[in-house]
K.L.:
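Here it is, the structure, as structure tokens.
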Amino acid sequence: PFTGAQLKRLGIALALCIRILGFLTSSVIVMAATGLIFELALSSKTVVRDLIVTVIFAVGMYALFTALGITFPKGILI
């Protein structure tokens, strides 16, 4: 478990990532990292599969948000 100070630093880092990189890009990075952390057997095949699933999910999320008329917060990337 994280300590209070670690959670505070993590929150600040995530806020900066979202502000600098953009919502969608930072979401993709966090989703890919989470998938790789919880992967039981890391091999090149599973890493590629997880990254492909992450990209497909991001494209779907972007398409859904644009279809609903929701705009993403501005950043360097989307």
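Keep in mind that this is a model prediction, so the values were computed, not measured.
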K.L.:
Please report the C-alpha distance between M31 and M61 in whole Å, then the side-chain angles of each, then the deciding distance to 0.1 Å, and finally whether the side chain to side chain contact (heavy atoms under 4.5 Å, CB included) criterion is met.
P.N.:
CA-CA 12 Å; M31 185 176 166; M61 186 169 62; over 6 Å; no
K.L.:
Identify the heavy atoms of A32 and L51 that sit nearest to each other, and give their distance.
P.N.:
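Minimum heavy-atom contact is CB-CD2, 4.0 Å.
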K.L.:
Do V47 and S44 have side chains that approach each other closer than 4.5 Å (heavy atoms only, starting at C-beta)?
P.N.:
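Answer no - side chains too far apart.
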K.L.:
With a cut-off of 6.0 Å (strictly less than), are more than 12 heavy atoms of other residues, nucleotides or ligands near CZ of F65?
P.N.:
yes
K.L.:
With sequence neighbours left out, what residues match T34 under side-chain contact (heavy atoms from CB on, under 4.5 Å)?
P.N.:
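Once residues adjacent in sequence are excluded, the partners of T34 under the side-chain contact (heavy atoms from CB on, under 4.5 Å) criterion are V30, F38.
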K.L.:
Assigning hydrophobic clusters by single linkage (Ile, Leu, Val, Met, Phe, Trp, Tyr; side-chain heavy-atom cutoff under 4.5 Å), is I70 placed with F57?
P.N.:
yes
K.L.:
For V28 and A58, which heavy atoms make the closest approach, and how far apart are they?
P.N.:
CG2-CB, 3.2 Å
K.L.:
With A67, which residues qualify under side-chain contact (heavy atoms from CB on, under 4.5 Å), at least two apart?
P.N.:
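By the side-chain contact (heavy atoms from CB on, under 4.5 Å) rule, A67 matches no residue at all.
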K.L.:
Kindly give the cluster partners of V48, where membership spreads through any ILVMFWY side chain lying under 4.5 Å from a current member.
P.N.:
I52, I56
